[in-house]
Amino acid sequence: MRIATWNVNSLKVRLPHLLDWLARQQPDAVCIQETKVEDAKFPREAIESAGYRVAFSGQKTYNGVAIIAKNEPEDVRAGIPGFDDEHKRVIAATVQGVRLVCAYVPNGQTVDSDKYRYKLRWLAAFEAWLGAELHSHPELAVLGDYNIAPADEDVHDPAAWKDLVLCSAPERAAFQRLLGLGFKDSFRLLTQAERSYTWWDYRMMAFRRKMGMRIDHILLSQQLATRCGACLIDIEPRKLERPSDHAPVVAELAD
DNA sequence: ATGGCTATGTAGCATAGA
């Protein structure tokens, strides 16, 4: 089973890239973030015509998440239970017996902002919920844009980013607590090239200069981690005209 | 390298992203 995550930064703009990518990579399930589309305008037909089924939770302008899968997503749930959040940042579904959580973690803006405090509160609620989910779904994968670079090796210039948002100690501690629930960072299960990133700023020719961050992740429960044979970042879509600033991340799970 | 792109909503810029 091939599962993936991709922050598309507008599903409307990136639909051609997504459809091309689905055709080429043939993933079984893709978790999409930043669809920026309300549910009534979700491009269901185009995706279903490509042989995929959809589950989505969106809003106008900001946020928005979706799960796209070859098999119908089952037991679809949106949001973090008990956490009142007007942002559409989470959708979960079961595909081929695997529970998938698609998450768009708040960005946090700056470490002294209200948005940062919201990010940490959000992550605490996320952690509490995932701990419970892990018990009811031993085959659990949490895919998404975490907006956290877990370690200095995930940052092109750790000194410049030290203690800034995406890299601050409280955010990294929150990420480690997620792992502590019993998840593995699938990308680090295997040896990877240096300077492997999933996001590059649109400005400053950051992609060409390999100035990026690894902030999109696929966390796997222990049971799924034992099945994981590969995890890769596909930088090809980032090279296209009008790309998303994020690259897709793909994990392969043995049957 | 200092918000330098990009997308959205909306009608000339404001907000957000990371």
Side-chain angles (χ1 to χ4, degrees), chain A residues 5-18 31-43 46 56-66 85-90 102-123 126 143-175 187 195-217 233 235 237-249:
Chain A
T5 181
W6 193 5
N7 180 327
V8 295
N9 185 16
S10 170
L11 183 54
K12 182 184 173 189
V13 174
R14 233 62 69 189
L15 189 58
H17 289 188
L18 176 65
C31 292
I32 301 286
Q33 301 86 38
E34 285 207 87
T35 60
K36 299 186 179 183
V37 67
E38 54 196 319
D39 291 350
K41 295 183 178 175
F42 191 91
F56 46 82
S57 175
Q59 64 189 95
K60 199 193 271 192
T61 314
Y62 305 120
N63 311 308
V65 284
D85 190 1
E86 55 194 39
H87 294 180
K88 306 298 188 187
R89 296 183 175 278
V90 172
C102 172
Y104 176 45
V105 177
N107 168 284
Q109 196 169 56
T110 56
V111 295
D112 58 357
S113 68
D114 285 340
K115 287 175 184 174
Y116 181 81
R117 288 182 279 278
Y118 161 66
K119 181 179 192 173
L120 294 184
R121 272 194 295 116
W122 195 98
L123 284 164
F126 193 51
L143 309 88
D145 177 357
Y146 286 71
N147 271 316
I148 300 171
D152 281 352
E153 65 180 328
D154 302 310
V155 184
H156 73 276
D157 188 347
W161 280 87
K162 183 175 163 54
D163 297 329
L164 298 183
V165 75
L166 314 188
C167 301
S168 73
E171 291 166 86
R172 286 180 169 176
F175 188 83
F187 192 73
R195 285 183 290 178
S196 291
Y197 308 125
T198 65
W199 171 84
W200 303 261
D201 200 301
Y202 282 123
R203 297 161 297 180
M204 300 162 59
M205 297 177 288
F207 179 68
R208 218 173 68 188
R209 296 160 69 187
K210 299 186 189 299
M211 296 168 62
M213 319 264 285
R214 191 176 71 92
I215 56 177
D216 301 85
H217 310 295
I233 300 164
I235 64 169
R238 189 65 176 79
K239 300 174 180 173
L240 301 172
E241 287 292 319
R242 275 186 103 185
S244 170
D245 42 359
H246 295 254
V249 184

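Proteins get letters first, then strands, A, B, ... in listed order; numbering begins at 1 in each.
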Choosing from [options], which nucleotide comes nearest the side chain of [X]?
X	options	answer
A:Tyr104	B:dG4, B:dG9, B:dG17	B:dG17
A:Arg203	B:dG17, B:dC5, B:dG9	B:dC5
A:Asn9	B:dT8, B:dA7, B:dG17	B:dA7
A:Lys12	B:dG17, B:dC5, B:dT8	B:dT8
A:Tyr202	B:dT6, B:dG9, B:dG4	B:dT6

Applying side-chain hydrogen bond (donor to acceptor under 3.5 Å, both in side chains) to A:Thr61 and not counting sequence neighbours gives none
Using the side-chain hydrogen bond (donor to acceptor under 3.5 Å, both in side chains) criterion, which residues pair with A:Tyr116? Sequence neighbours excluded. A:Ser168
Residues at least two apart in sequence or cross-chain that pass salt bridge (charged side-chain N to carboxylate O under 4.0 Å, His left out) with A:Arg121, listed by chain then number, are none
I'd like to check the salt bridge (charged side-chain N to carboxylate O under 4.0 Å, His left out) partners of A:Asp201; sequence neighbours left out, ordered by chain and number. A:Arg203
Base, sugar-phosphate, or nothing: which does A:Asn7 touch, judged by heavy atoms less than 4.0 Å apart? sugar-phosphate
Using atom names, set out every protein N or O paired with an N or O of nucleotides 14-16 of chain B below 3.5 Å, distance rounded to 0.1 Å.
residue: B:dA16; atom: OP2; partner: A:Lys115; partner atom: NZ; Å: 3.4
residue: B:dA16; atom: O5'; partner: A:Lys115; partner atom: NZ; Å: 3.4

Distance check, P atoms only: B:dC13 and B:dA1, in whole angstrom units. 30 Å
Identify the stems formed by DNA chain B, where each pair is Watson-Crick or G-U wobble with both distances under 3.5 angstrom and a stem is at least 3 consecutive pairs. B:5-9 with B:13-17
How many whole angstroms separate atom CZ of A:Arg208 from atom C1' of B:dG4? 15 Å
